[in-house]
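Worksheet: one structure, shown below.
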There are 2 protein chains.
Amino acid sequence: MTTDQNGNLVHNQGVTAPLGFRAAGIAAGIKAKGGPDLALVFNEGPDHAAAGVFTTNKVKAAPVLWSQQVLKSGRLRAVILNSGGANACTGPEGFQDAHRTAEELAAALSNWGTETGAGEIAVCSTGLIGDRLPMDKLLPAVTEIVHEMGGGMSGGTDAAHAIMTTDTVPKEASLHHPDKWNVGGMAKGAGMLAPGLATMLVVLTTDAVASAEQLDTALRRATRLTFDRLDVDGAMSTNDTVLLLANGASEVTPTQDELDAAVLAVCDDLAGQLMADAEGVTKRVLVTVEGARSEDDALVAARIIARDSLVKTAMFGSDPNWGRVLAAVGTAPIELDPDLISVSFNGFPVCVDGTGAPGAREVDLSGADIHVVVDLRLGDGTATVRTTDLSHGYVEENSAYSS
Amino acid sequence: MTTDQNGNLVHNQGVTAPLGFRAAGIAAGIKAKGGPDLALVFNEGPDHAAAGVFTTNKVKAAPVLWSQQVLKSGRLRAVILNSGGANACTGPEGFQDAHRTAEELAAALSNWGTETGAGEIAVCSTGLIGDRLPMDKLLPAVTEIVHEMGGGMSGGTDAAHAIMTTDTVPKEASLHHPDKWNVGGMAKGAGMLAPGLATMLVVLTTDAVASAEQLDTALRRATRLTFDRLDVDGAMSTNDTVLLLANGASEVTPTQDELDAAVLAVCDDLAGQLMADAEGVTKRVLVTVEGARSEDDALVAARIIARDSLVKTAMFGSDPNWGRVLAAVGTAPIELDPDLISVSFNGFPVCVDGTGAPGAREVDLSGADIHVVVDLRLGDGTATVRTTDLSHGYVEENSAYSS
């Protein structure tokens, strides 16, 4: 439980924490090994404003292409998500599958009593790239999940479970504002975490009154500082999607700043959970670059350090090998003076003015949290990127994913 | 033994294959664990033309700064190289150490009978970043190694041994041109291999008659196509150096094209040896991108695929997970159409027009060599990058390097 910058509490409840949202998670038989693999988030209204941020990968999965198109209207009534298959690189047939899933859900919701069109439904998928989804299993399950929808904590948590792939725990967060409106969210993603998001699916909900434009602003501000600065292995997914749905059920209209802060707090909490559960992680590593000419420069440098395989293997070995940090930052396409750079590990100076500090080789990095701070001493630009170590577990998990 | 593009044979002999070069490798006590750690390459003349290519990392080791300065004259009489310490991030004192090493060698060569100035000597270092070199051991050894210098195969091979760090075998290559002139070379580097070179030290020698400008042209053409396209872990060293020395001892003046081809052939052979001996390698992977709008585009895309941790772990697992190749290439900042992309593994089509090909999941990648070919079908641009898999061995070796 953490707080946002206005001191409001962030709880471990998910998409159904705000009023007027239902969710469910069931086993549709998409995953070969069984288990929950289909999730639904349903907005009961009265409003249906929505915004989304998607992968910038040029190779986009069919559900991303579908959901981007749907989001142009700025409204969503529901989101259907599956694990067990990414529906990426599946051609026109894959796009048809995404479309048909939305149509099936629209029909099921209409039969259930809420007149819904396919154009009000976003579709998200995660799993192996390149295979068609088993539509014979998926379509009947879409009708089934509508009947399973519930409110409260359990529906949200069931949904958070159903979108897991190599995640070991479901990720949920929520914020209850003292003015009696709420933001909730769920996330999945334990590999391919990277800039411009990662195979990361995130659904955020709020019962605040907010327009699609306000949601879009809040979402872009939040993702820029959270999911965009989470970089586990430099890979970017074909399926990354972050959605924010608002229904106004609280009848409270927060200011843009209040909305921004609340969405940021929930995203930040979820991003921290994603880092902590990344594939094979044994260290949670924060890389802060300060003293850069600009925030952009700081971010570029922090990202290069956070992606460096030699820095990451050193972290796995609890090895205070600061020279690798210098070598990495030296490749950043930004202004820097090697003789001004200082580095600390967990507050202990290991490099001052570009050369080693006394005791640098003896710094104890055996704990699970490592904070690398690099000071370029050229300006005020600061940025922090969350990453992990590069471990045997990472290699193990990723060398046998599709087989 | 391979051939250059003109059909000339490339042999496994090193820097002393050309006439008029001597070399040596001895144990100076720089490496804590012992073993050869100091190498010398000496040009007996009559000419002393030379060219060099250095790391583009902004954090440059002291010996790189020294050698870049020396090379401005376009001449070199000798190169002194040490393993066991990079002399990087060592401040002004580190630069003084490199300078003093050159002065000590100049004095020793002058005493030995060859009047030499420190400004005719390049210095190369490799090893851990951040520690001063043990000058009390290094300086006496500099005098000693001058007396050890020999010609023929043994001096060259001793030198190739002395520059090894985590390399498991010395790397040497040479080309004997039918017109009776020769090019030889040695290389070290098994980690930090990357674009713009890597902790990679390479010394090339030739007994051809060539000016410093001709050598510079030949060297840049060769490194662009060989060492610059070897990318093991995306990291770039503070110490990368490739030097080419010519003495005219053969009295043959090749054309620029002949010189280019010969230097390229030796560099290509050495680059292949570096890939085969990279840290923890279990697979030798060639990534070719063809059909790009330009060679530059093809190279950018090939490099992104070659650096992708998810692609590299899949290769380690012999897993034909072609979706990761698509996801990686989709992040390249180049023009591409996802629906036109085709991919093959070892000649077997796994993805055609952006979707999976029949049998793609069953392709056998259990052998040590994997050739990934990606066709963008947009133009004529082609480039190949050499890389390796990401293995447990890589993690093991790099998580405990400095300790």
Side-chain angles (χ1 to χ4, degrees), chain A residues 56-60 86 88-91 93-94 128-131 191-192 196 233-238 307-310 313-314 316-317 319-324 326-332 336 338-339 341 351 353-356 360-361 390-392 394-403, chain B residues 56-60 86 88-91 93-94 128-131 191-192 196 233-238 307-310 313-314 316-317 319-324 326-332 336 338-339 341 351 353-356 360-361 390-392 394-403:
Chain A
T56 56
N57 198 312
K58 293 187 188 73
V59 178
K60 289 178 171 60
C89 303
T90 44
E93 294 81 3
L128 186 63
I129 295 171
D131 290 336
M192 286 188 104
D233 57 17
M236 178 162 53
S237 160
T238 51
R307 283 185 180 187
D308 189 275
S309 293
L310 291 170
T313 46
F316 173 58
D319 177 1
N321 195 339
W322 58 268
R324 293 182 178 177
L326 268 276
V329 78
T331 66
L336 59 80
D339 297 332
I341 301 172
C351 170
D353 297 341
T355 68
R361 301 269 181 237
L390 174 52
S391 68
H392 284 303
Y394 179 88
V395 172
E396 191 62 32
E397 194 147 355
N398 285 298
S399 58
Y401 184 79
S402 81
S403 43
Chain B
T56 56
N57 198 312
K58 295 188 189 71
V59 178
K60 289 178 171 61
C89 303
T90 45
E93 294 82 3
L128 186 63
I129 295 171
D131 290 337
M192 287 186 102
D233 58 16
M236 178 164 51
S237 162
T238 52
R307 282 186 181 186
D308 189 275
S309 293
L310 291 170
T313 47
F316 173 57
D319 177 1
N321 195 340
W322 58 268
R324 292 183 178 176
L326 268 277
V329 77
T331 67
L336 59 82
D339 297 332
I341 301 172
C351 170
D353 297 341
T355 68
R361 302 270 180 235
L390 174 53
S391 68
H392 285 304
Y394 178 86
V395 172
E396 192 63 31
E397 196 147 353
N398 285 299
S399 58
Y401 184 79
S402 82
S403 45

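Chain letters run A, B, ... following the sequence lines, proteins first, then strands; residues in each count from 1. This structure is a prediction, so every number in the text was calculated from the model and none was measured.
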Go through the atoms of B/Ala360 and report whether side chain, backbone, both or neither lie under 4.5 Å from a heavy atom of chain A.
neither
Please classify the contact of B/Asp353 with chain A as side chain, backbone, both or neither, using a heavy-atom distance under 4.5 Å.
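No part of it gets close to chain A.
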Find the one option among B/Gly356, B/Gly130, B/Ala88 whose heavy-atom pairs under 4.5 Å with chain A are most numerous.
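Most heavy-atom pairs within the cutoff with chain A belong to B/Gly130.
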Heavy-atom pair of closest approach, residues B/Gly91 and A/Thr355:
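Scanning both residues, the minimum pair turns out to be N-CG2, 3.1 Å.
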Looking at every heavy atom in both B/Ile129 and A/Arg361, which two are closest together, and how far apart are they?
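Reported closest heavy-atom pair: O-NH2, 2.8 Å.
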By a 4.5 Å heavy-atom criterion (distance strictly below it), what part of A/Ala332 contacts chain B: side chain, backbone, both, or neither?
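Contact with chain B involves the backbone of A/Ala332 alone.
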Can you tell me how the ring of B/Phe316 sits relative to the ring of B/His392, calling it parallel under 30°, perpendicular over 60° and tilted otherwise?
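Rings of B/Phe316 and B/His392: perpendicular, as their planes differ by over 60°.
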Output all residues satisfying salt bridge (charged side-chain N to carboxylate O under 4.0 Å, His left out) with B/Asp339, sequence neighbours left out; order by chain, then residue number.
none
